[in-house]
Amino acid sequence: MDTSQYMDLFIDETKEHLQSLNEHVLVLEKEPDNEDTVNEIFRAAHTLKGMSGTMGFARMQRLTHDIENVFSEIRNGNMKANEKVIDVLFRGLDALESYLDVISTEGNEGTEDNEDIINDLNDLLREQGSSAAAPKETKKDKAEETGQGSEVDESKCKFKQISISEYELSGIRSAKDEGKNIFGVTVFLQEACILKSARAFLVFKSIENKGELIKSVPTTEQIEDEEFDFDFSWILATKESKETIRTLIMNVSEIAEVYIDEFEPARIEEGTESKKEPETAVNRPAAQTETKTEETNSRPKKAKVGSRSVRVDIDKLDVLMNLVSELIIAKNGLVSSSSNEKERTEENSQSFHEQIEYLERVTTNLHESVMKVRMVPIDSVVNRFPRMIRDLNRKLDKKMELYMTGEETELDRTVIDEIGDPLMHLLRNSADHGLESNEERVRLGKPEVGSIYLDAYQDGNNVIIDVRDDGAGIDVEKVRAKALERGTITEKQAETMTDKDFIDLLFMPSFSTADKITDVSGRGVGLDVVKTKIEALGGNISAKTVAGEGSTFTIQLPLTLAIIQALMVGVGDEKYAIPLGNIDSLEDIVKEDICFVQSKEVIHLRGSVIPILRLNEILDIEAPEKEPESLTVVIMRKGDQRVGLIIDQLIGQQETVIKSLGRHITNNKLFSGATILGDGEVALILDTNTLI
């Protein structure tokens, strides 16, 4: 049976359930007697088992079933959630995540049976709990054993209340003339059933080749959208017996009961003689089954909530719809104004300008509204870190706690997708390098349990994420010695470098101060991977440290990567855009203000010495024959660093939509993208991180 149309939904919801299980098992480890947590865990495990069974992932279903048995024993008080139990449960959850990874990439669950984990789970049940209760005998089992359906309960035959039209009645008569039985069928799903529409789809697939569905209540569209309770009814024309149809339906799991009886039309809907039912799977002739199924499969599928999607509050969509309607009004106003162009008067001209201003307001509001739709809370990324710190606690034999704030801070979806790995690397770095051993902390008079903090908050058009710890801090002397040993810097350079300069060396490729390589950090990868990833997102990272008190890594990220405010500048005959969020100030200076330090041009501005770059030299654009007396300098900021950029012309501020340069242009990191100006000209967007 084809369940591929539900794959995206299955993957997305499985991720949520696994995240929920990880979080609640962490709580259970600290609070073994917390009944609410145990119940929540059991519900999530039961749901996950049903979903994997529905999709036909037998290995995943089997493992989840054994995990559910352990949770059941804990819930019944037959087993205690001790350290050994928690460890095995986490191994089981990791195995389920591995299944999900394979499903996401290959569409199947692979061949790994995880017998060792299943054996350990069953050993736990034998050692600590009573044997897991055998599943109760279900009506389905009885039906399969006897081959007979249960006696029909008249009160539950909902098909007896179905009204039919003249059109449907003629279909019933034609079927009877062909010697077919006309059955009313009511299917009841188990109330614990998840993905009701998928279950109904499987029921339909099980009998679609056995007859013709004349009517469905609720309609197939309502069933597909899950707009029904736990039962649905069909009128079926078939040559098969009641027992055969019942057995086929009961072979689908999570079916509570099926009621089948001869169908006799109770009443005919009035005024429906000329109406035809929509052409759906429920009323097509059996001969058309194959053709229609192919048509259905070729239709575009409904968008499912997958890894590239965002769940949106309906109120935000209402605002968006309202703004789009205003956009249409603005467009109609402009069309009206342009049609009166021949009769251009001062009054018409004023009306035209008013329409332009109205359009500007609407597009600005539309931009803000779309931005809000794209925003996702950062908790979707950081919620997996407490489990990671718990595992590092055991692996490194260090006691540590993770404290998080600002999980509700929102970031653009595209940024959220990329930020997880850099944050994970920084946290592992804090756990491995930052925090001292338990004994060392006690000797220094610190709390034995180390603290790691992850704080997120919004600052203007940026989101700031701080990862800090109360460990030993960065050993600047050790960094200095390593840099000299590797030849990264010379003795002469080292004499003039500040502590901050030495700390910045940590972000250089393959620079690591680890004494030994472990699978946690210090694998020669260093923090350069983090820096590269952050800067690819248009952000930057900096580090601060206090010896003996700890270190802080600060990540600054733009709220979005799609639309930015930019300053348009001219260099020669070319136009370029500089993101406004990276600009500190604009200055007019005279040629005589430029000084030289170590043969580099600098300016002295309000007590600070700022290096300057000539954009025409960097971009290989011909300089003007005669340099003007007054120069325009754009002062850019990245963390504590500032750099001045000399330009030829200041055009003004503009809202720009970032377009990718494409995969063919990869040799120049000076540009983060391009934008199309109002006159159709293309302007490149400068990457200020690279320039600095």
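In this chain, numbering begins with 1 at the start of the sequence shown. If you're wondering where the values come from, they're calculated on a predicted model, not measured in any experiment.
Within the 4.5 Å cutoff, the side chain of N582 has no heavy atoms near those of the I692 side chain. Contact check for I419 versus I534: side-chain heavy atoms found under the 4.5 Å cut-off. Residues L677 and Q654 form a side-chain contact, since some pair of their non-hydrogen atoms from C-beta on lies under 4.5 Å apart. Side-chain contact check for P611 versus K600: every heavy-atom pair is 4.5 Å or farther apart. Looking only at side-chain heavy atoms (C-beta outward), R394 and D87 come within less than 4.5 Å of each other. At a threshold of 4.5 Å between non-hydrogen side-chain atoms, the residues V609 and I603 do not count as touching. Taking 4.5 Å as the limit, some side-chain heavy atom of V319 sits within range of a side-chain heavy atom of L323. Looking at L686 and F671, their side chains come closer than 4.5 Å, going by heavy atoms from C-beta outward.
Annotation: the span from L454 atom CG to L402 atom CG amounts to 6.5 Å, rounded to 0.5 Å. In this structure, the separation between CD on Q458 and CD1 on I464 is 10.0 Å, given to the nearest 0.5 Å. Interatomic distance, CZ of R443 versus CG of N438, reported as 13.5 Å (0.5 Å rounding). If you take CG on D459 and OG1 on T409, they are separated by 11.5 Å, rounding to the nearest 0.5 Å. In this structure, CE in M404 is found 9.5 Å from CD1 in I389, a value given to the nearest 0.5 Å. The line from CZ of R480 to CG of D499 is 11.0 Å long, rounded to the nearest 0.5 Å.
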(request) Walk me through it: do L21 and R387 pass the test side-chain contact (heavy atoms from CB on, under 4.5 Å)? (result) CA-CA 11 Å; L21 283 167; R387 163 73 197 282; over 6 Å; no
(request) Please step through salt bridge (Lys or Arg N to Asp or Glu O under 4.0 Å) for the pair R384 and E97, ending with a clear verdict. (result) CA-CA 12 Å; R384 57 192 165 110; E97 286 184 7; over 6 Å; no
(request) Go through the steps to decide whether L650 and V569 satisfy the test side-chain contact (heavy atoms from CB on, under 4.5 Å), and finish with yes or no. (result) CA-CA 5 Å; L650 195 62; V569 299; 4.2 Å; yes
(message) K482 vs D475, test: salt bridge (Lys or Arg N to Asp or Glu O under 4.0 Å). Steps then yes/no.
(response) CA-CA 11 Å; K482 196 77 172 178; D475 188 337; over 6 Å; no
(request) Could you walk me through whether I555 and L426 pass the side-chain contact (heavy atoms from CB on, under 4.5 Å) test, one step at a time? (result) CA-CA 10 Å; I555 296 173; L426 290 176; 3.6 Å; yes
(request) Check the pair E16, D12 against side-chain contact (heavy atoms from CB on, under 4.5 Å), reporting the backbone distance first and the verdict last. (result) CA-CA 7 Å; E16 289 182 10; D12 195 60; 3.7 Å; yes
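Residue G434 comes nearest to D469 through the heavy atom pair CA-OD2, 4.1 Å, listed as atom of the first residue, atom of the second, then distance. Taking every heavy atom of both residues into account, R441 and G471 meet most closely at NH1-CA, 4.2 Å. Scanning all heavy atoms of the two residues, the minimum distance from G110 to V102 falls at N-CG1, 3.8 Å. In plain terms, the two heavy atoms of S551 and T545 that are nearest each other are OG-OG1, 3.3 Å. Shortest non-hydrogen contact noted between A483 and L505 is CB-CD1, 3.7 Å. Closest heavy-atom contact between V479 and F502: CG1-O, 3.3 Å.
A donor-acceptor pair under 3.5 Å is absent between the side-chain atoms of D432 and the main chain of R428, judged by distance alone. Listed for the Y99 side chain is a donor-acceptor partner under 3.5 Å among the backbone atoms of E112. Using a distance-only test at 3.5 Å, with no hydrogens or angles considered, a donor-acceptor pair links the side chain of H24 to the main chain of S20. Side chain of K398 to main chain of L435: a donor-acceptor pair is present (N/O by atom type, distance under 3.5 Å, no hydrogens or angles). A donor-acceptor distance shorter than 3.5 angstrom exists from the side chain of E436 to the backbone of A472, with no hydrogens or angles considered. Checked by atom type and distance alone, the side chain of N429 never pairs as donor or acceptor with a backbone atom of H425 at under 3.5 Å. The main-chain N or O of D455 is never found under 3.5 Å from a side-chain atom of D466 such that the two would form a donor-acceptor pair. Of the possible polar contacts, none joining the E574 side chain to the V571 backbone as a donor-acceptor pair under 3.5 Å is found. The backbone N or O of F596 lies less than 3.5 Å from no partner atom in the side chain of S599, so there is not a single donor-acceptor pair. Counting only distance, with no hydrogens or angles, the side chain of K446 and the backbone of D470 share a donor-acceptor pair below 3.5 Å.
Salt-bridge check for E587 with R642: failed, with every basic side-chain N at 4.0 Å or more from each acidic carboxylate O.
No more than 12 heavy-atom neighbours from other residues, nucleotides or ligands sit within 6.0 angstrom of CG on D620. Atom CG of D397 has 12 or fewer heavy atoms from other residues, nucleotides or ligands within 6.0 Å. Atom NZ of K544 has 12 or fewer heavy atoms from other residues, nucleotides or ligands within 6.0 Å. Around NZ of K591, the count of heavy atoms belonging to other residues, nucleotides or ligands within 6.0 Å exceeds 12. Summarising the local packing, CD of E622 is surrounded by 12 or fewer heavy atoms from other residues, nucleotides or ligands at distances under 6.0 Å.
No side-chain donor-acceptor contact under 3.5 Å links D101 and S104.
Taking the six-membered ring where tryptophan is involved, the planes of F553 and F507 are perpendicular, since the angle between them exceeds 60° and thus also 30°.
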